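Down below is the structure, laid out as structure tokens.
Residue numbers run from 1 in the order of the sequence given. Nothing here was measured: the structure is a model prediction, and the numbers come from that model.
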Amino acid sequence: MGSIIIEDDEFETGSLEVDILEKTKLAGEEYILALDSHDKTTAYIMHLVEEEGEEGFYEFVEDENTLIALTKVFAELSDDIDFEIEKKEE
């Protein structure tokens with residue numbers, strides 16, 4: 001499905017490259033399941049918040065209920081992926 005680069009000061013290098021594994025829609029909103037291109041063990045569920053031409057702007061899903069619902073959706077779409085949710089340290 002391709003890869004995207006996430007720019008965020010939270011990352012050590014200021015950006016993170018992820019591979020898009022799956023896309024889905026929930027309640028009319030688009031979400032992606034993306035895998036860290038380097039460690040291949042950390043996945044992120046992200047929400048498409050804005051599209052400008054060829055570019056899309058995504059944000060991490062942080063709402064626990066939405067995250068759980070999307071994890072179930074992506075688990076059904078991806079039989080070969082096991083999910084474990086870790087809360088982000090603040």
_Same cluster or not: L77 versus L67, using hydrophobic residues (I, L, V, M, F, W, Y) connected whenever any side-chain heavy atoms lie under 4.5 Å apart?_
yes
*To the nearest 0.5 angstrom, please state how far the CD1 atom of I45 sits from the CG atom of D63.*
11.5 Å
_Qualifying residue, where the test is side chain to side chain contact (heavy atoms under 4.5 Å, CB included) with L70 and the options are V61, L33, I32_ = V61
_Heavy-atom side-chain contact between I6 and Y58 under 4.5 Å_ = no
_Atom pair CD (E76) and OG1 (T24), whose distance is rounded to the nearest 0.5 Å_ = 9.5 Å
*For D9, does the CG atom sit with more than 12 other heavy atoms under 6.0 Å from it, leaving out its own atoms?*
no
*Heavy-atom pair of closest approach, residues L21 and L35*: CD1-CB, 3.8 Å
*Go through the structure and list residues passing ring-ring contact (aromatic ring centres under 6.0 Å, His included) with F57, not counting sequence neighbours.*
none
*Any donor and acceptor pair, going by atom type alone, linking the side chain of S37 with main-chain N or O of E17 inside 3.5 Å?*
yes
*Please tell me if the side chains of V73 and Y31 come closer than 4.5 Å, counting only heavy atoms from C-beta onward.*
no
*Taking atom CD of E50 as the centre, does the number of heavy atoms from other residues, nucleotides or ligands within less than 6.0 Å exceed 12?*
yes
*Which value, rounded to the nearest 0.5 Å, describes the distance between E7 atom CD and L16 atom CG?*
11.0 Å
*asked:* According to salt bridge (charged side-chain N to carboxylate O under 4.0 Å, His left out), who are the partners of D19, at least two apart in sequence or on a separate chain?
replied: K40
*Close side-chain approach of H47 and T66, heavy atoms under 4.5 Å*: no
*Calculate, to the nearest 0.5 Å, the distance between atoms NZ and CG belonging to K72 and L26 respectively.*
12.0 Å
